[in-house]
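Everything below concerns the one structure shown next.
In listed order, ligands and their atoms are each counted from 1.
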Amino acid sequence: MISLNSNSFLSNSGFSGISRSVSQRKVLPPVVLALGSNGRAGELNVSAVMESTLKELRDGNTVLEVDSKSAVSGGVRDVHGEDAATEDQIVTPWTISVASGYSLLRNPHHNKGLAFTEKERDHHYLRGLLPPSVVSQDLQVKKLMANIRQYTVPLQKYMAMMDLQERNEKLFYKLLMDNVEELLPVVYTPTVGEACQKYGSILRRPQGLFISLNEKGKILEVLKNWPEKNIQVIVVTDGERILGLGDLGCQGMGIPVGKLSLYTALGGVRPSACLPVTIDVGTNNQKLLDDEFYIGLRQKRATGQEYAELIHEFMCAVKQNYGEKVLVQFEDFANHNAFDLLARYGTTHLVFNDDIQGTASVVLAGLISALNLVGGTLAEHTFLFLGAGEAGTGIAELIALEMSKQTQAPLEETRKKIWLVDSKGLIVSSRMDSLQHFKKPWAHEHEPIKNLVDAVKAIKPTVLIGSSGVGRTFTKEVVEAMASFNEKPIILALSNPTSQSECTAEEAYTWSEGRAIFASGSPFDPVEYNGKVFVPGQSNNAYIFPGFGLGLIISGAIRVHDDMLLAASEALAKQATQENFDKGMIYPPFSNIRKISAHIAANVAAKAYELGLATRLPQPENLVEYAENCMYSPVYRSFR
Ligand SMILES: O=C([O-])CC(=O)C(=O)O
Ligand SMILES: [Mg+2]
């Protein structure tokens, strides 16, 4: 049965009274599973369904599947509780296909496996297709966790999780949300990196949308092939810089898929509103081109106009197909494209670059928290980066912006507290002419310095940040130098995955004699040093983008603004507690991520309203509560 949306922008429709009355329900009402005339998969005339639905509502029987999270969807939900149409479509008759029996079991959005009740088995032609046992979702979670723990190879765990996602989506998300600290490293960094490297070999059913040069001129049609229409977030990569692993071409698809799983599990965005996209313009990775299992175009990367035209067609098609409020998250593009794409589409589309902006926001939050441990204000610290690409310059710029807001000093001044080292050494003004544009603001007056250790000794930073994508670069000498002039050196080894981390947690604590405040992009286990257990924080944009995106969605934001990044950082920093600090953590644990995301979303949405960039009016009174209510729940619905 269709269901009505309870959010504010339906309030002008004829259904507002109904949606309000239904939305007051606190419990999850049952889903009505509609069947075609043959009792199997079939088609329904929705206007007829709506008539009877409304009658049942008037009669006091709530058969509509409505819950507060429909607010995120902005549309009507279909018979299975997923979005089926936008507001405009409510008034026009249309048809929907539904599944039952064998096809229901094979539909990952609605499959519940052994959790189908006796009644559901009767009503939906499932008798005999399942063994007699009926189990709860919690028991399914318990069993699956036990199974996953038996795998010793992380990639096997990853594959088991992907299989589950393809088989039973709600159970996948329940498992991930209930065991987020244990499973995040499986579906996300670092395992997702290995998965991308081997994607061609491990691929079963393809996930996401592949748009290659072959689709040039037809991208709008390709978007229409995707089964979901009401898309709210797209994560797109061209695979050229996958984590710190380099060019993985079309196999970068693992990244948008993983990021969007987090949008749902950590940020509560409906799975059906998420679209992973990989743009395949070839790869310069010869190993992949020679690999018989490689899944992408077998050609060198298209560049220049050919590249720009394909991306432009994609961006135009996205706006045409999904409207201007769809969020496009750029992920793992190479530096030379990432900055240009953000600048080019930042004024016409709702775009967010996770590597530049998401990473900046999470690091700034960590630094604000770390001040609780080291004292002083941001402006009283000195920052040195190894790596002057997307992450490095993005973080540097956001720190400078925050310092400038705090001290009223111009950006040009606050930038002077921040130094960057790239592959050619310290970025200094004498190198200005040969620097890429995004490095130029960081070229300060200083004599040239060729390597990191010497730069550390000369600049004497209080904060050392690794964002170069090159592992093992924070050597013993570097960390010892940091510890020689800082009581508590702040050391962030941000490069991913673990193999590319600038140093390990153990190295940071050992070489600094337990004094470092350490966080890393990839997760590290707690370390015992001199009888004390240190828990390293994970400075990964996964803390930010799910809540950030949710904030944009619930406010109907049409553009991303730097102040929203600062708002997200502040919200995240506020969630870290003294208890976390006592263990050396500058971030709250991921186990609280749904609450954290709601606070980030609320702060981002509030900023969107303040800046006049929000279109969803009126502004909800309590944005945290509103964000929480909007979040997707992975709990099974009952089918009638
Ligand atoms: O994916 C991650 O873990 C963080 C990130 O964006 C990157 O390293 O590119
Ligand atoms: Mg990334």
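With ring centers used as reference points, F293 lies 6.0 Å or more from Y199. Two rings, from F518 and F534, have their centers 6.0 Å or more apart.
Counting heavy atoms from C-beta on, the side chains of V604 and L552 come closer than 4.5 Å. No side-chain heavy atom of V192 sits less than 4.5 Å from a side-chain heavy atom of V187.
The aromatic rings of F330 and F333 sit perpendicular, their planes meeting at an angle over 60°, well past the 30° parallel limit.
One finds the NZ atom of K440 at 11.0 Å from the CD1 atom of I427 (value rounded to the nearest 0.5 Å).
Distances below 4.0 Å separate heavy atoms of E331 from the following atoms of ligand 1: 6 (O). Atoms of ligand 1 found under 4.0 Å from any heavy atom of T189, numbered from 1 in the order shown, are 1 (O), 2 (C), 3 (O).
Vertex the Mg ion (ligand 2); arms to D355 OD1 and D332 OD1; angle rounded to 10 degrees, 90°.
Residue-level proximity to ligand 1 for D332 is carried by the side chain, the only part with a heavy atom below 4.0 angstrom. With a heavy-atom cut-off of 4.0 Å, V192 does not touch ligand 1 at all. Under 4.0 Å from ligand 1, not a single heavy atom of T359 appears.
Looking only at its N/O/S atoms, E331 has OE2 as the one nearest to the Mg ion (ligand 2).
The side chain to side chain contact (heavy atoms under 4.5 Å, CB included) with L184 is formed by just one residue from the set L262, N179, T191; it is L262.
The protein atom (non-hydrogen) at minimum distance from atom 5 (C) of ligand 1 is N541 ND2, 3.5 Å. For atom 8 (O) of ligand 1, the closest non-hydrogen atom on the protein side is N496 ND2, 2.8 Å.
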